[in-house]
Amino acid sequence: MNKVSRSALRKKSMWVKLSFPIMFCVTAFMLYPFVYSIVLSLYSHKGLNETFVGLGNYVKMFKDLTFLKALGNNFLFLIIQVPIMLIFGLFFAYILQTDNLKCKGFFRMAIFLPCVTSLVAYSLVFRTMFQFDGLINQLLMQFHLISAPIPWLSSRGWARALVIFALCWRWTGYNAMYYIAGLQNIPRDILESARMDGCNPAQAFFKIVVPQLKQVIVFTSVTSTIGTLQLFDEITTLTQGGPANGTMTVSYYIYKQSFEMGNNFGYSAAMSWVIVLIIAVLSLIQLRVTREED
């Protein structure tokens with residue numbers, strides 16, 4: 001056996017040895033929790049006792065009015081917040097890519113800054129600003145836009161509006177960064193040729209820019225859909241699901257079932273798998289629709 005063959009065998013043996021700890025980590029930290037969560041969803045827990053109930057947890061959740069309300073809130077946020085966030089992200093990205101705009105770096109940093117702001121810090125600021133006697137109500141009354149303070153945190157409709165506003169403020173810049181990266185890949189020759197042919201900015205935007213960014217828009221819509229259906233942080237820090245479960249989401253309800261309402265981990269696991277299936281179906285629909293349009 002020549003030296004080259006021995007060296008190749010030695011390298012192969014080394015990679016085989018290294019693969020065992022990698023496979024162990026994958027199994028221990030990914031595959032095992034994945035399988036165990038499915039098994040866990042088939043049991044009902046009462047304290048330290050567990051009872052096999054089969055599909056009982058799945059049947060139970062569709063009779064659980066709080067779960068159905070939380071799921072409805074998730075879809076409400078999805079239908080309203082995601083389109084707003086995507087549209088504004090694309091709009092800001094298009095503006096920040098104009099050639100004659102000064103201080104581009106500053107404005108890009110400003111729009112992306114909310115994404116890296118501490119969740120707890122910005123939530124406390126929002127709660128303070130949107131109190132009944134907070135800064136927002138005082139400014140609105142000072143400019144005579146309202147005659148009485150708005151109950152942002154104690155009214156179901158206004159609390160939902162506050163959550164939507166907070167989500168848009170925090171994540172619009174995140175999507176805008178993807179759109180800016182996509183816009184930089186559009187050849188300047190195409191836009192200049194369209195401008196020379198008499199194409200105005202609006203026509204160039206809808207007929208050239210948007211089609212060129214189609215894959216990026218699909219990606220951001222899928223990730224925004226996933227994030228909204230898993231909405232937890234803003235609900236926890238801003239409204240705690242209130243008032244009267246008006247902003248309760250499935251993720252926050254799963255948390256409450258797991259750690260505050262009897263430690264029923266089996267029921268929580270079942271709800272988690274329903275959300276996984278919903279996310280998978282919506283993502284496949286979005287991808288299929290865009291693929292058929294191509």
Side-chain angles (χ1 to χ4, degrees), residues 70 73-93 95-96 103-143 145-146 149-181 220-256 259-260 275:
N73 289 335
N74 273 108
F75 277 101
L76 178 67
F77 294 138
L78 175 65
I79 293 170
I80 298 176
Q81 178 258 334
V82 171
I84 293 175
M85 186 171 61
L86 297 181
I87 292 171
F88 273 93
L90 186 57
F91 173 73
F92 288 133
I95 292 177
L96 292 175
C103 303
K104 285 185 181 181
F106 171 78
F107 289 117
R108 288 179 182 179
M109 182 192 67
I111 197 172
F112 188 72
L113 189 61
C115 305
V116 295
T117 303
S118 168
L119 173 67
V120 176
Y122 106 85
S123 298
L124 289 175
V125 172
F126 264 62
R127 283 186 64 87
T128 303
M129 291 175 61
F130 286 89
Q131 292 287 345
F132 192 75
D133 57 349
L135 177 63
I136 299 299
N137 278 334
Q138 292 180 12
L139 289 175
L140 292 175
M141 293 181 66
Q142 184 174 355
F143 288 102
L145 297 176
I146 58 174
I150 296 174
W152 295 101
L153 298 172
S154 58
S155 170
R156 183 176 62 179
W158 288 112
R160 288 172 174 172
L162 175 59
V163 171
I164 291 172
F165 177 73
L167 289 171
C168 291
W169 178 84
R170 183 171 174 81
W171 296 114
T172 296
Y174 181 82
N175 291 324
M177 291 298 107
Y178 282 107
Y179 297 143
I180 289 174
T220 54
S221 65
V222 170
T223 55
S224 298
T225 298
I226 294 172
T228 304
L229 290 175
Q230 295 178 336
L231 183 59
F232 176 80
D233 295 339
E234 280 76 10
I235 302 302
T236 305
T237 53
L238 283 176
T239 63
Q240 290 80 47
N245 295 329
T247 58
M248 176 73 71
T249 60
V250 176
S251 294
Y252 188 64
Y253 189 50
I254 290 171
Y255 165 78
K256 291 179 71 68
F259 302 106
E260 295 183 6
I275 288 297

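Hydrogens, waters and symmetry mates are skipped; everything else that's a heavy atom, side chains included, is used.
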Got a second to check how far [X]'s [atom1] is from [Y]'s [atom2], nearest 0.5 Å?
X	Y	atom1	atom2	answer
Leu139	Met129	CG	CE	8.0 Å
Ile79	Gln81	CD1	CD	12.0 Å
Ile226	Ile275	CD1	CD1	12.0 Å
Phe132	Ile150	CZ	CD1	10.0 Å
Ile180	Leu96	CD1	CG	5.0 Å
Ile80	Phe75	CD1	CZ	13.5 Å

Phe77 atom CZ, neighbour heavy-atom count above 12 within 6.0 Å: yes

Heavy-atom count around Phe88 CZ within 6.0 Å, excluding the residue itself: above 12? no

So the salt bridge (Lys or Arg N to Asp or Glu O under 4.0 Å) pairs with at least one residue in residues 104-122 (sequence neighbours excluded) are none

For residues 118-139, the salt bridge (Lys or Arg N to Asp or Glu O under 4.0 Å) pairs (sequence neighbours left out) are none

Among all residues two or more places apart in sequence or in another chain, which pass the side-chain hydrogen bond (donor to acceptor under 3.5 Å, both in side chains) test with [X]?
X	result
Trp152	Asn137
Thr247	Thr239
Ser251	none
Tyr253	Asp64, Gln257

Those residues that, when tested against [X], pass side-chain contact (heavy atoms from CB on, under 4.5 Å) (two or more places apart):
X	value
Glu260	Tyr255, Lys256
Phe165	Phe126, Phe130
Ser224	Val82, Met85, Leu86, Asn175
Met141	Ile146, Pro149

Can you find a heavy atom in the side chain of Thr220 that is under 4.5 Å from one in the side chain of Tyr179? yes

If you look at every heavy atom in Pro83 and Leu78, which pair is closest and at what distance? CD-O, 3.4 Å

When every non-hydrogen atom of Ala159 is compared with those of Gly242, the smallest separation belongs to CB-O, 4.2 Å

Applying side-chain hydrogen bond (donor to acceptor under 3.5 Å, both in side chains), which residue pairs with at least one partner in residues 155-169 are found, sequence neighbours left out? Asn73-Arg160

Pairs under 3.5 angstrom only: tabulate donor-acceptor contacts from the side chains of residues 110-125 to other protein residues two or more places apart or in another chain.
| from | atom 1 | to | atom 2 | distance (Å) |
| --- | --- | --- | --- | --- |
| Thr117 | OG1 | Leu113 | O | 2.8 |
| Ser118 | OG | Ala121 | N | 3.4 |
| Tyr122 | OH | Glu234 | OE2 | 3.0 |
| Ser123 | OG | Leu119 | O | 2.7 |
| Ser123 | OG | Thr237 | OG1 | 2.8 |

Under a 3.5 Å distance rule, please check whether Asn74 uses its side chain to pair with a backbone N or O of Gln230 as donor and acceptor. no

